[in-house]
Trainee: 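Let me begin by handing over the structure; questions about it come next.
Here the structure is a predicted model, which is why all the values come from computation and not from measurement.
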Amino acid sequence: MRRTLQQALFCSLPALLWSSVRLYSGPTLKSYSRHIRRSSQALPPQTGGATRDYLAEYRYDSAEAAHTEKYLWPYVVSLCAELGARRVIDIGCGNGALCRELANRGYEVVGCEPSADGVRLARSAAPELVFHQIGVDDDPSQVGDESFDVVIATEVIEHLVRPRNLLRFAKKVIRPGGHLVISTPFHGYLKNLALALTNKWDSHLTPLWDGGHIKLWSHKTLSQLLKEGGFRLVRFIGAGRIPLLWKSMIMVAQKPEEPGQ
């Protein structure tokens, strides 16, 4: 079966190469530059308290919506409505742009972000909302135990040294029966092959990006992490671009109604 698939791939290689040259990956460093500053010099080490997750290294310049607005936000907004959410928390909310969008749609929203620049911009753009300068390595009780219907974490987990802490944090703040909506850049066999054949790995996963992506997730690995974290996977969505070359994947997982389920 695998050999047959490989033969089919090589037969369609010209078309694959042509499409993947233009569609191979998500945004480059240049496309992020309006929102996030990166320094060529090493950042000073964190001091005091728990070691922070890597999102703390971000330096936000703008309160504008990120590139994910076009291809991720419609799914997130739709899912919040579909899941009957009232209270929503955005983990790794950045500059608060998605929080503002959800608040405008009537949801009670709280944002969590370890970056001081991100929280400053978020509070400035939406002083009526609550933003906590904390990351997934911190104590989640600061935002309210088991009090949220939906937890959102868009394009966060690929930046984390300790991704299980995101699941730990989320499980503490989601009510029993509530949901986690998590997104991350998609990686599967065809997309990885396209990246390799077009020699785009250096630009797709650049080591020159301070605070950049440090983990690649597939449907299999993220599903396993969610299961380990005590969640039940209920839905998978491929977002952006074309099937199997998606920019990102969205997984919706549910916290059990009762402990031990």
Side-chain angles (χ1 to χ4, degrees), residues 25-40 42-46 49-62 65-69 71-73 76 89-99 111-119 121-122 131-138 140 151-170 180-187 191 195 201-219 221-222 224-226 228-229 239-240 246-251 253:
S25 71
T28 62
L29 283 174
K30 184 177 180 181
S31 66
Y32 276 105
S33 60
R34 288 185 304 141
H35 310 285
I36 302 170
R37 296 197 305 274
R38 293 179 179 80
S39 170
S40 60
L43 291 167
Q46 299 285 340
T51 303
R52 293 283 185 145
D53 56 79
Y54 273 18
L55 283 179
E57 297 184 359
Y58 272 59
R59 300 290 190 270
Y60 291 85
D61 274 333
S62 168
H67 67 285
T68 54
E69 175 187 10
Y71 75 94
L72 280 181
W73 285 21
V76 173
I89 183 169
D90 187 357
I91 299 176
C93 68
N95 60 17
L98 179 55
C99 290
C112 295
E113 169 59 43
S115 165
D117 285 339
V119 172
L121 288 166
F131 294 98
H132 298 274
Q133 189 183 343
I134 57 174
V136 299
D137 295 331
D138 296 312
V151 171
I152 297 167
T154 57
E155 311 299 279
V156 171
I157 198 167
E158 65 274 10
H159 298 269
L160 301 179
V161 176
R162 293 167 293 277
R164 288 175 178 81
N165 280 358
L166 190 154
L167 279 296
R168 174 193 61 85
F169 192 109
L180 169 64
V181 177
I182 186 170
S183 81
T184 187
F186 171 78
H187 281 276
K191 183 175 179 180
L195 286 164
W201 277 108
D202 275 354
S203 54
H204 180 74
L205 189 64
T206 174
L208 304 176
W209 175 5
D210 288 345
H213 299 177
I214 61 172
K215 293 181 183 292
L216 303 180
W217 295 93
S218 65
H219 179 280
T221 54
L222 189 54
Q224 180 178 337
L225 188 78
L226 289 166
E228 287 180 9
W246 293 298
K247 290 183 178 181
S248 296
M249 60 181 174
I250 302 170
M251 289 197 177

Trainee: Checking Lys191 against Phe186: charged group under 6.0 Å from the ring centre and within 45 degrees of the axis?
Mentor: no
Trainee: Taking side-chain contact (heavy atoms from CB on, under 4.5 Å) as the test, write out the residues that go with Ala253, two or more places apart.
Mentor: Leu226, Phe231
Trainee: Just so I know, are the side chains of Leu205 and Leu195 near enough to count as touching, which here means a heavy-atom distance under 4.5 Å?
Mentor: no
Trainee: Hey, could you give me the CG/OG1 distance between Leu225 and Thr221, rounded to the nearest 0.5 Å?
Mentor: 8.0 Å
Trainee: Measuring from atom CD of Gln224 to atom CG of Leu222, what distance do you get when rounded to the nearest 0.5 angstrom?
Mentor: 10.5 Å
Trainee: Can a donor-acceptor pair be found, under 3.5 Å and without considering hydrogens, that links the side chain of Ser218 to the backbone of His187?
Mentor: no
Trainee: Would you find a donor on one side and an acceptor on the other, under 3.5 Å apart, between the side chain of Glu158 and the backbone of Leu216?
Mentor: no
Trainee: For a quick test of reading the model, state the closest non-hydrogen atom pair linking Ile91 to Phe169 and the distance between them.
Mentor: CD1-CD2, 3.6 Å
Trainee: Let me see the working for Leu166 and Leu160 under side chain to side chain contact (heavy atoms under 4.5 Å, CB included), right down to the final yes or no.
Mentor: CA-CA 8 Å; Leu166 190 154; Leu160 301 179; 3.7 Å; yes
Trainee: Which pair of heavy atoms, one from Ala122 and one from Phe131, lies closest together, and at what distance?
Mentor: O-CE1, 3.5 Å
Trainee: Please determine whether side chain to side chain contact (heavy atoms under 4.5 Å, CB included) holds for the pair Asp138 and His132, giving the CA-CA distance in whole Å, both sets of side-chain angles, and the decisive distance to 0.1 Å.
Mentor: CA-CA 11 Å; Asp138 296 312; His132 298 274; over 6 Å; no
Trainee: Which heavy-atom pair separates Ser183 from Glu155 by the least distance, and what is that distance?
Mentor: OG-OE2, 2.6 Å
Trainee: Yes or no on side chain to side chain contact (heavy atoms under 4.5 Å, CB included) for Leu98 and Leu72, after CA distance, side-chain angles and deciding distance?
Mentor: CA-CA 10 Å; Leu98 179 55; Leu72 280 181; over 6 Å; no
Trainee: Nearest 0.5 Å, what's the SG-CD1 distance between Cys99 and Ile89?
Mentor: 8.5 Å
Trainee: With sequence neighbours left out, what residues match Arg168 under salt bridge (Lys or Arg N to Asp or Glu O under 4.0 Å)?
Mentor: none
Trainee: Say you draw a straight line from CD1 of Ile157 to CZ of Arg164; how long is it, rounded to the nearest 0.5 Å?
Mentor: 9.5 Å
Trainee: Using side chain to side chain contact (heavy atoms under 4.5 Å, CB included), reason through Gln133 and Glu113 one step at a time and then give a plain yes or no.
Mentor: CA-CA 5 Å; Gln133 189 183 343; Glu113 169 59 43; over 6 Å; no
Trainee: If you measure from CG on Leu180 to CD1 on Ile152, what distance do you get to the nearest 0.5 Å?
Mentor: 9.5 Å
Trainee: Heavy atoms, side chains only, cut-off 4.5 Å: are Val161 and Asp137 in contact?
Mentor: no
